[in-house]
Enquirer: 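Structure provided below as structure tokens; questions to follow.
Values below: every heavy atom of this structure, side chains too, minus hydrogens, waters and symmetry copies.
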Amino acid sequence: MTETPRERLLQTATNLLYRDGIQAVGINRIVAEAEVALMTLYRQFGDKDNLVAAALEHWSDQWLHWLADRIDRRGDDPKARFAGLWDALEEWFTSTDFHGSFITSAATELRGEPEHPAHRVIERHRLAMRHLLGDLAKASGAHDADELATHLQVIIDGATSVATVDRTPAPARNARALAAAALAVSAR
């Protein structure tokens, strides 16, 4: 199936912005690599800010779907599902196209622009992630699933940041150990 100019633009923007950063990639580079006219960007997205938000949403949807799929492959056993989470992170951290979390990078780059439309996407992603973690925590019998989900999100955020710098799977293994301890405390 042939991609539409909009799809090419969105996929190109997602790849470039994730890999190189929002501030480092100009719209001329995006439209040139997507092989679309500059007017296509303006007709489809309005401006770069809206394209950035759409690219973040595209990345978020793909990543969350990928993560949920990795967890769901483990069936219904809560311990197996938790193991699937950490195995997925280890797989992600060691993949050739791993550049950290696009959501975290965007939040950092855009912190001085509180009205940027990407902030709504960032917030939705983080809430979706917390919901996924909350479901895992509930299934595991956590006393306070919301609190455990928040702890797990901090652990994952930290592991992702360390993996971005160190380029090893070790942060996923360390996160797994920290999460096991948090789960044990939460189950009391």
Side-chain angles (χ1 to χ4, degrees), residues 1-74 81 84-136 153 156-157 159-161 163-165 167 169 172:
M1 183 166 111
T2 305
E3 290 182 321
T4 66
R6 184 185 198 287
E7 292 167 336
R8 278 198 322 273
L9 186 58
L10 182 58
Q11 189 60 52
T12 300
T14 302
N15 293 341
L16 290 173
L17 296 169
Y18 172 53
R19 186 184 71 216
D20 298 338
I22 295 167
Q23 304 303 328
V25 177
I27 57 173
N28 291 332
R29 181 175 171 202
I30 295 170
V31 298
E33 291 196 27
E35 298 179 346
V36 299
L38 184 60
M39 283 309 297
T40 301
L41 181 145
Y42 293 118
R43 274 196 310 271
Q44 296 295 322
F45 298 99
D47 59 18
K48 182 182 176 186
D49 287 353
N50 287 317
L51 177 60
V52 167
L56 274 171
E57 186 168 32
H58 183 68
W59 184 91
S60 172
D61 290 347
Q62 288 181 326
W63 190 84
L64 288 169
H65 177 77
W66 172 83
L67 183 61
D69 178 64
R70 291 301 188 276
I71 293 168
D72 289 344
R73 288 179 183 184
R74 299 301 181 99
R81 292 177 67 77
L85 169 66
W86 308 114
D87 290 345
L89 290 176
E90 189 169 337
E91 177 186 340
W92 183 43
F93 294 168
T94 58
S95 68
T96 57
D97 61 344
F98 174 71
H99 301 285
S101 169
F102 188 19
I103 298 298
T104 302
S105 296
T108 301
E109 279 197 73
L110 300 172
R111 71 185 173 278
E113 299 177 50
E115 300 303 316
H116 197 288
H119 289 293
R120 290 185 298 280
V121 177
I122 293 164
E123 182 180 342
R124 282 193 306 269
H125 174 88
R126 295 194 52 78
L127 288 173
M129 186 66 182
R130 195 166 306 122
H131 180 75
L132 183 148
L133 295 171
D135 288 348
L136 285 173
Q153 192 163 26
I156 291 168
D157 288 348
T160 303
S161 294
T164 304
V165 174
R167 310 295 298 171

Enquirer: At their closest point, which heavy atom of Ala13 faces which heavy atom of Ala55, and how far apart are they?
Expert: C-CB, 4.2 Å
Enquirer: Which heavy atom of Thr160 sits nearest to which heavy atom of Ser101, and what is that distance?
Expert: CG2-N, 3.7 Å
Enquirer: CG of Leu51 to CD of Gln44: how many Å apart, nearest 0.5 Å?
Expert: 10.5 Å
Enquirer: Test Trp59 against Val121 for side chain to side chain contact (heavy atoms under 4.5 Å, CB included), laying out the working first.
Expert: CA-CA 10 Å; Trp59 184 91; Val121 177; over 6 Å; no
Enquirer: Are any non-hydrogen side-chain atoms of Arg29 and Asp20 less than 4.5 angstrom apart?
Expert: yes
Enquirer: Is there a donor-acceptor contact under 3.5 Å from the side chain of Gln153 to the main chain of Leu133?
Expert: no
Enquirer: Determine whether Leu9 and Ile30 satisfy the following criterion, side chain to side chain contact (heavy atoms under 4.5 Å, CB included), listing intermediate values before the conclusion.
Expert: CA-CA 7 Å; Leu9 186 58; Ile30 295 170; 3.6 Å; yes
Enquirer: Answer whether the closest heavy-atom distance between the side chains of Phe102 and Gln62 falls below 4.5 Å.
Expert: no
Enquirer: Quick one: does Met129's side chain get under 4.5 Å of Trp63's, heavy atoms only?
Expert: yes
Enquirer: Using every non-hydrogen atom in the two residues, find where Trp86 and Ala172 come nearest and quote the distance to one decimal.
Expert: O-CB, 4.1 Å
Enquirer: So does Glu91 have more than 12 non-hydrogen atoms from other groups sitting under 6.0 Å from CD?
Expert: yes
Enquirer: Just how far is it from atom CH2 of Trp66 to atom CG of Asp61, taken to the nearest 0.5 Å?
Expert: 15.5 Å
Enquirer: State whether the number of non-hydrogen atoms from other residues, nucleotides or ligands found under 6.0 Å of His99 atom NE2 is greater than 12.
Expert: yes
Enquirer: Hey, mind stepping through Asp97 and Asn15 against side chain to side chain contact (heavy atoms under 4.5 Å, CB included) and telling me if it holds?
Expert: CA-CA 9 Å; Asp97 61 344; Asn15 293 341; over 6 Å; no
Enquirer: Write down the atom of Ala54, the atom of Phe45, and the distance for their closest heavy-atom approach.
Expert: CB-CE2, 3.6 Å
Enquirer: With rounding to the nearest 0.5 Å, note down the distance linking CG in Leu56 to CG in Leu110.
Expert: 7.5 Å
Enquirer: Given side chains that start at C-beta, do those of Arg126 and Asp157 come closer than 4.5 Å, heavy atoms only?
Expert: yes
Enquirer: Working to the nearest 0.5 Å, report the span between CG of Leu41 and CG of Leu10.
Expert: 10.5 Å
Enquirer: Should the heavy atoms of other residues, nucleotides or ligands under 6.0 Å from CD of Glu115 be counted, would the total exceed 12?
Expert: no
Enquirer: For Arg74 versus Arg70, what's the shortest heavy-atom pair and its separation?
Expert: CG-O, 3.9 Å
Enquirer: Using atom types as modelled and distance alone, determine if a side-chain donor or acceptor of Lys48 lies under 3.5 Å from a backbone N or O of Ile22.
Expert: yes
Enquirer: Side chains of Arg81 and Asp135: closer than 4.5 Å at any heavy-atom pair?
Expert: no
Enquirer: Does the side chain of Thr104 reach to within under 4.5 Å of the side chain of Thr164, using non-hydrogen atoms?
Expert: no
Enquirer: Once you round to the nearest 0.5 Å, how far does CG of Asp47 lie from CD1 of Ile27?
Expert: 8.5 Å
Enquirer: Between Trp92 and Phe98, how do the two ring planes meet: parallel, tilted or perpendicular, split at 30° and 60°?
Expert: perpendicular
Enquirer: If we only count heavy atoms from C-beta on, is the Thr40 to Arg8 side-chain gap below 4.5 Å?
Expert: no
Enquirer: Would you check, one step at a time, whether the test side chain to side chain contact (heavy atoms under 4.5 Å, CB included) holds for Ile71 with Leu132?
Expert: CA-CA 10 Å; Ile71 293 168; Leu132 183 148; 3.7 Å; yes
Enquirer: Report yes if some heavy atom in the side chain of Tyr42 is under 4.5 Å from a heavy atom in the side chain of Val31; otherwise report no.
Expert: no
Enquirer: Does any N or O in the side chain of Asp49 come within less than 3.5 Å of the main-chain N or O of His116, such that one atom is a donor and the other an acceptor?
Expert: no
Enquirer: Are the side chain of His119 and the backbone N or O of Glu113 linked by a donor-acceptor pair below 3.5 Å?
Expert: yes
Enquirer: Once rounded to the nearest 0.5 Å, what's the spacing between atom CG of Leu16 and atom CD of Gln11?
Expert: 10.0 Å
Enquirer: Of all the heavy-atom pairs spanning Pro169 and Glu90, show the shortest one and how long it is.
Expert: CB-CG, 3.5 Å
